[in-house]
Amino acid sequence: MTEPLTVDHIHSLGLTGRDFLCELDFTAKELDSLLQLAAQLKQARKDHTEPELLKRRNLAAIFEKTSTRTRISFSVAMSDQGGNTTFLDGATSQIGHKESPADTARVLSRVFDAIEFRGSDHSVVEELAEYSHVPVYNGLTDQWHPTQMLADFLTMREHQVDPGAQLSYCYLGDARSNMGNSLLIMGAIMGSDIRIVAPKALWPEQAVIDQAHKRAAESGASITLTEEVNEGVSGAEFIHTDVWVSMGEPKEVWTERIKLLQPYQVNQAVLDQARPGAKAMHCLPAYHDNKTLVGEQISRDFNLNGGLEITHEVFESPANIAFDQAENRMHTIKSILVATLA
Ligand code: CP
Ligand code: NVA
């Protein structure tokens with residue numbers, strides 16, 4: 001039976017006041033309870049029965065890097081729950097260029113109930129958390145994208161053919177980026193069958209791989225790191241990818257990245273090697289056509305047609321569940337807010 005959405009139930013999860021910086025800071029049970037809470041909040045919103053558990057709570061949301069999904073998710077989740085969000089960035093506030101993370105954290109935690117941060121170096125969000133008296137959430141750093149992981153897991157659970165069975169998924173692309181690291185570690189903690197498929201030059205750092213094996217030994221996860229697309233994809237139910245060049249990387253790296261990653265593009269031939277009915281996933285935004293400035297320019301410069309990391313054909317097919325993933329960002333971020341602040 002599902003517990004009612006009450007403050008007592010939320011407190012019983014034991015996550016009150018916690019930061020949300022990296023998947024490694026959590027047990028499988030804690031992450032699972034956040035996923036269950038997200039599913040409950042999603043249903044309650046649909047049924048118009050969602051209780052307001054964050055009335056008069058204020059969130060400071062710092063975006064040093066651009067965002068659509070993460071930004072709207074924090075904002076709408078707070079608003080649904082009766083709270084408020086104030087957005088800050090480096091250009092229009094003192095943060096970064098004129099005030100350190102430590103000082104910023106001490107100021108913001110006098111006024112706000114929680115702080116979200118999206119930026120480059122993970123040490124910045126750690127410093128914010130160290131000096132803040134209120135919970136700090138990582139809305140993406142170069143190393144980790146933990147709020148995305150909750151959305152990805154909720155989405156996979158919703159779509160898996162055998163509900164409750166071990167999730168089997170594969171990530172093709174730049175695996176030493178935030179998405180590669182996070183998908184590897186989250187799967188290791190949650191006991192998934194996780195396959196990282198990338199050229200060795202783009203595998204996660206050894207320290208991340210070691211952590212994954214350590215957590216897998218506890219959870220029963222199966223970890224495969226391979227350069228072979230067929231070996232990685234074969235039998236997987238979900239095929240993830242992400243942009244080949246992440247925010248903050250110079251545009252000069254495109255040439256090398258395309259050369260390295262073109263064999264790892266998510267296209268129909270790749271999906272055909274996966275489990276029948278396999279779904280394609282992408283945290284978005286995606287370069288699947290020429291309708292963006294970057295997509296158009298890169299396709300023209302490199303004479304590519306029909307998509308970069310994922311083909312337009314797959315992106316527009318029923319196999320693509322990236323928009324469910326995008327919606328689930330909001331429900332799962334709401335779950336973190338409620339679990340830590342209610
Ligand atoms: N997936 C994701 O983090 O999207 P945004 O960059 O739009 O927030
Ligand atoms: N790896 C991507 C994720 C975007 C949500 C980036 O950091 O740009």
Side-chain angles (χ1 to χ4, degrees), residues 19-26 61-71 73-74 88-91 95-97 100-102 104-105 115-132 136-152 171-189 194 196 198-212 225 240-258 260-261 264 282-287 294 298 308-309 329 333 336:
D19 298 320
F20 196 79
L21 305 186
C22 175
E23 303 81 353
L24 284 165
D25 304 333
F26 292 87
I62 307 169
F63 282 87
E64 288 190 348
K65 284 182 173 178
T66 53
S67 164
T68 298
R69 278 144 290 270
T70 312
R71 194 183 167 92
S73 296
F74 273 102
L88 297 161
D89 59 50
I95 294 169
H97 56 101
S100 67
T104 301
I115 300 167
E116 179 276 352
F117 173 82
R118 166 175 284 203
S120 303
D121 203 325
H122 193 70
S123 65
V124 174
V125 78
E126 286 178 335
E127 187 176 330
L128 283 172
E130 186 187 340
Y131 285 88
S132 164
V136 173
Y137 315 121
N138 174 9
L140 176 146
T141 56
D142 289 346
Q143 288 79 24
W144 305 107
H145 198 3
T147 63
Q148 180 76 48
M149 288 310 104
L150 292 182
D152 289 11
Y171 173 78
L172 286 90
D174 176 9
R176 19 115 280 164
S177 72
N178 39 31
M179 282 301 293
N181 289 339
S182 279
L183 280 167
L184 172 61
I185 290 294
M186 183 74 176
I189 298 171
I194 152 88
I196 298 293
K200 255 200 185 120
L202 297 178
W203 282 12
E205 278 177 21
Q206 193 55 45
V208 174
I209 297 174
D210 292 345
Q211 287 280 5
L225 282 128
H240 292 250
T241 189
D242 183 19
V243 289
W244 288 342
V245 175
S246 284
M247 288 183 277
E249 293 194 293
K251 65 179 191 326
E252 289 70 40
V253 302
W254 271 108
T255 308
E256 191 209 31
R257 220 44 81 66
I258 287 175
L260 282 170
L261 287 174
Y264 299 88
H282 195 308
C283 60
L284 301 180
Y287 296 127
V294 177
I298 299 296
L308 297 178
E309 72 275 7
R329 295 298 308 287
I333 280 175
I336 298 168

Does Asp89 pair with Arg71 as a salt bridge, N-O distance under 4.0 Å?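 Not counted as a salt bridge, because no side-chain N and carboxylate O are separated by less than 4.0 Å.
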Can we say Lys65 and Glu249 salt-bridge, meaning some charged N sits less than 4.0 Å from an Asp/Glu carboxylate O?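 No.
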Take Gln148 and Asp152, measure what side-chain contact (heavy atoms from CB on, under 4.5 Å) needs, and give me the verdict at the end. CA-CA 6 Å; Gln148 180 76 48; Asp152 289 11; 2.8 Å; yes
Rounded distance [0.5 Å steps], [atom1] in [X] versus [atom2] in [Y]:
X: Leu261; Y: Ile258; atom1: CG; atom2: CD1; answer: 9.0 Å
X: Cys22; Y: Asn178; atom1: SG; atom2: CG; answer: 11.5 Å
X: Gln143; Y: Asp121; atom1: CD; atom2: CG; answer: 5.5 Å
X: Leu184; Y: Leu225; atom1: CG; atom2: CG; answer: 6.0 Å
X: His282; Y: Met179; atom1: NE2; atom2: CE; answer: 8.5 Å
X: Leu183; Y: Met149; atom1: CG; atom2: CE; answer: 4.0 Å

Which heavy atom in [X] sits nearest to a heavy atom in [Y], and how many Å separate them?
X: Ser182; Y: Pro146; result: OG-N, 4.1 Å
X: Ile209; Y: Pro204; result: CD1-O, 3.4 Å
X: Ile196; Y: Ala175; result: CG2-CB, 3.4 Å
X: Ala129; Y: Val136; result: CA-CG2, 3.7 Å
X: Ile185; Y: Val208; result: CD1-O, 3.6 Å
X: Ser73; Y: Arg329; result: OG-CB, 3.4 Å

Side-chain contact, heavy-atom cut-off 4.5 Å: [X] with [Y]?
X: Ser177; Y: Asp242; answer: yes
X: Glu309; Y: Val243; answer: yes
X: His145; Y: Thr70; answer: yes
X: Phe26; Y: Leu21; answer: no
X: Tyr287; Y: Trp244; answer: no
X: Ser120; Y: Glu64; answer: no
X: Trp144; Y: Asn138; answer: yes
X: Ile95; Y: Leu88; answer: yes

Main chain of Ala105, side chain of Ser132: is a donor-acceptor contact present, judged purely on distance under 3.5 Å?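 No; judged by distance alone, with no hydrogens or angles, the pair does not exist.
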N/O donor-acceptor pair under 3.5 Å between Glu23 side chain and Ile189 backbone: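 Side chain of Glu23 to backbone of Ile189, a donor-acceptor pair under 3.5 Å: no, none is there.
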Indicate the ring-plane relationship of Tyr137 and Phe74, choosing parallel, tilted or perpendicular according to the 30° and 60° boundaries.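 Tyr137 and Phe74: parallel rings.
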Step-by-step side-chain contact (heavy atoms from CB on, under 4.5 Å) determination, Met247 to Arg118: CA-CA 11 Å; Met247 288 183 277; Arg118 166 175 284 203; 3.4 Å; yes
Find out whether the Lys NZ or Arg CZ of Lys200 is both under 6.0 angstrom from the six-membered ring centre of Trp203 and within 45° of the ring's axis.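 Here Lys200 passes the 6.0 Å and 45° test against Trp203.
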How about Phe63 and Phe117: are their ring centres within less than 6.0 Å of each other?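 No: the rings miss the under 6.0 Å criterion.
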Can you check side-chain contact (heavy atoms from CB on, under 4.5 Å) on Leu150 and Met186, steps first, answer last? CA-CA 9 Å; Leu150 292 182; Met186 183 74 176; 4.1 Å; yes
Take Asp174 and Arg257, measure what side-chain contact (heavy atoms from CB on, under 4.5 Å) needs, and give me the verdict at the end. CA-CA 8 Å; Asp174 176 9; Arg257 220 44 81 66; 3.5 Å; yes
